Amino acid sequence: MNLTLRVWRQQGPQDKGRMVSYQVTDVSPDMSFLEMLDMLNERLTLEGEEPVAFDHDCREGICGACSMVINGTPHGPQKLTTTCQLHMRTFKDGDTIDIEPWRAKAFPVVKDLVVDRGAFDKIIQAGGFISAPTGAAPEAHAAPVPKVDADAAFDAATCIGCGACVAACPNGSGMLFTAAKITHLGLMPQGQPERDSRVVNMIAAHDEAGFGGCTNAGECTEVCPKGIPLTTIGRLNRDFIKASTKRP
Amino acid sequence: MAIATAPRVKTPLRTSVGLKVLMAVTGILLVLFLVAHMLGNLKIFVGAESFDHYAHWLRDIGTPLLPHTWYLWIQRGGLVIAVIAHIWSATVLAMRARAARPVRYAHRGKVQGSYAARTMRWGGVIILLFVIYHILDLTTGHLNPVADKQHPYANVVADFAPGRWYVTLFYTLAILAIGFHLRHGIYSALRTLGQQTKRGERRNRAIALGVAVVLCVGYLAVPFAVLTGLVS
Ligand code: HEM
Ligand code: FES
């Protein structure tokens, strides 16, 4: 396959940045999207040009690093698929593909397609944890968990924190990510002691980081590689209302 | 044992979720008003006397406990507060959303969300302009060709006369804008207030669509009845 890529190039946080066109030839349909970019980068290196910087780590869809917006859709056209798991056979010979970084104030561009997603860490630090005593692990059956709750918590816990929800949201909101964590921890007995402070503090950190508010538009869940449902946001809202109307 | 971490937010209403809750509660109050207002309007099909009598009764609700028109003014005060709170929270959130994406995408992907969801902000502005016009027309009478305070039936009939087709057109567009606003708004409000199951989501979408359609039909029935001579 021969393709035209239009890639966002930005030398550093201060640079203005622009889209730059590249031709890539002899792309195999069996390559992953990142392998196609590796091929481009090898050529750019040989030609003495700066390769395109992009984030990646596991390349098996579990780390959430491979953040890029492909033709206007975070992680590209295939549902429930990270960029690293996207294959070139989803494109046609002769296609033009636009590749841009996540666009959000809370995710500033570091270089080219690499953004700093540290704002998510700030949200996690504010409440994405449980406090547990150290020492020997407790007996696993000591705290029974209903099967439906365990399943729902696990589904929410599959969030890999990639940030596609923010990239897709018309409001640049990080609500789906935050809601996934609230749901995952709030469904477990171990997550109860901090349930109230967690939601309030995570929302405070979310707003402080410069994310927008949710308008239930639903763009986030469409692009989420893990299919985190929009209903988790309802759960977050309910926890928030309960926590902030409770008398101490 | 868990360490008790105190919530550090002192003003939950200013957070993005708090503002949404305010928008949802005030929005639902306004929807309840819209339902009552529509039922009142439909009295026009019973006849001029019934309609005018209803309009006068509105001024007597609460009597003799409250003096004449007091209840009406209390309700108007409540509605104004709800509208201001609704628009205030919408504006703050819209400004935050704009700031949250300083650099736009060169390639905008196809949007999954509904038309209604994408037009909440501009739709809201159109609705506000309409509400102002509507009050000047049928409440104060400034923009009404007849403006007879004692006979609102006559005012309505004059308003939507075939010669004033542009009034009917504007009215129709505004009502459709309200329909779109509520189709997403009611669904969104219920989610904001904590609805969190898949089944509930389907139910809420149906409720939102149903209420939006009923309100549109109910409100449009009056001008079209006048236009076609069914009410004269
Ligand atoms: C200038 C007037 C108005 C503006 C600017 C406005 C704006 C908005 C915005 C931006 C939203 C958020 C939508 C979202 O979550 O995606 C909203 C929600 C809503 N609006 Fe309005 N609106 C206006 C008037 C009205 C009126 C007159 C009604 C009722 C008849 C109404 C009912 C609602 C409801 C029920 C919601 C749902 C609240 C929620 O999102 O949780 N709005 N409005
Ligand atoms: S590189 Fe780890 S999820 Fe794509």
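Since this is a predicted model, take the numbers as computed values, not measurements. Reminder, nothing fancy here: chain letters follow the sequence lines and each chain counts from 1.
- A salt bridge does not link A:Lys242 with A:Asp196: every distance from a Lys NZ or Arg NE/NH1/NH2 to an Asp or Glu carboxylate oxygen is 4.0 Å or more.
- Looking at A:Phe240, only its side chain comes within 4.5 Å of chain B, counting heavy atoms on both sides.
- When heavy atoms are compared at a cutoff of 4.5 Å, B:Arg108 approaches chain A solely by way of its backbone atoms N, CA, C and O.
- Within residues 100-107 of chain A, the residues having any heavy atom less than 4.5 Å from a heavy atom of chain B are, in residue-number order, A:Glu100, A:Pro101, A:Trp102, A:Arg103, A:Ala104, A:Lys105.
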Q) Would A:Val24 and A:Leu5 count as a side-chain contact (heavy atoms from CB on, under 4.5 Å) if you check the C-alpha gap in whole Å, the side-chain angles of each, and the deciding distance to 0.1 Å? A) CA-CA 7 Å; A:Val24 282; A:Leu5 304 181; 4.0 Å; yes

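- A:Gln192 CD to A:Ile130 CD1: the interatomic distance, rounded to the nearest 0.5 Å, is 10.5 Å.
- Of the possible donor and acceptor atoms, none in the side chain of B:Asp60 sits under 3.5 Å from a partner among the backbone N and O of B:Thr69.
- With a threshold of 4.5 angstrom between heavy atoms, A:Leu230 approaches chain B through its backbone and through its side chain.
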Q: Assess whether side-chain contact (heavy atoms from CB on, under 4.5 Å) is satisfied between A:Val166 and A:Phe177, documenting all intermediate values.
A: CA-CA 8 Å; A:Val166 177; A:Phe177 166 79; 5.7 Å; no

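- The only option from B:Tyr133, B:Tyr166, B:Phe160 that meets the ring pair (Phe, Tyr, Trp, His ring centres under 6.0 Å) definition with B:Tyr171 turns out to be B:Phe160.
- Most heavy-atom pairs under 4.5 Å with chain B, from the set A:Cys169, A:Gly218, A:Gly127: that is A:Cys169.
- Every side chain to side chain contact (heavy atoms under 4.5 Å, CB included) that B:Arg118 has, sequence neighbours left out, goes to B:Val111, B:Tyr115.
- Using cut-offs of 30° and 60° for the angle between ring planes, the B:Tyr219 and B:His37 rings count as tilted.
- In terms of heavy-atom pairs under 4.5 angstrom with chain B, the leader among A:Glu219, A:His206, A:Arg6, A:Met19 is A:Glu219.
- The contact between B:Thr15 and chain A is made by backbone and side chain atoms together, counting heavy-atom distances below 4.5 Å.
- The minimum heavy-atom distance between A:Gly234 and B:Gln196, with the atom names listed, is C-CB, 3.9 Å.
- In this model, a donor atom of one side chain and an acceptor atom of the other lie less than 3.5 Å apart for A:Trp8 and A:Gln10.
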Q | Trace of the side-chain contact (heavy atoms from CB on, under 4.5 Å) decision for A:Asn71 with A:Ile97 | A | CA-CA 6 Å; A:Asn71 283 341; A:Ile97 306 175; 4.1 Å; yes

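- No other option in B:Ser114, B:Ala99, B:Ala97 has as many heavy-atom pairs under 4.5 Å with chain A as B:Ala97.
- For chain B, no part of A:Ala209 is nearby; none of its heavy atoms comes within less than 4.5 Å.
- Only the side chain of A:Asp207 comes within contact range of chain B, with heavy atoms under 4.5 Å apart.
- Most heavy-atom pairs under 4.5 Å with chain A: of the set B:Gly109, B:Pro12, B:Ala100, B:Gly18, this distinction falls to B:Ala100.
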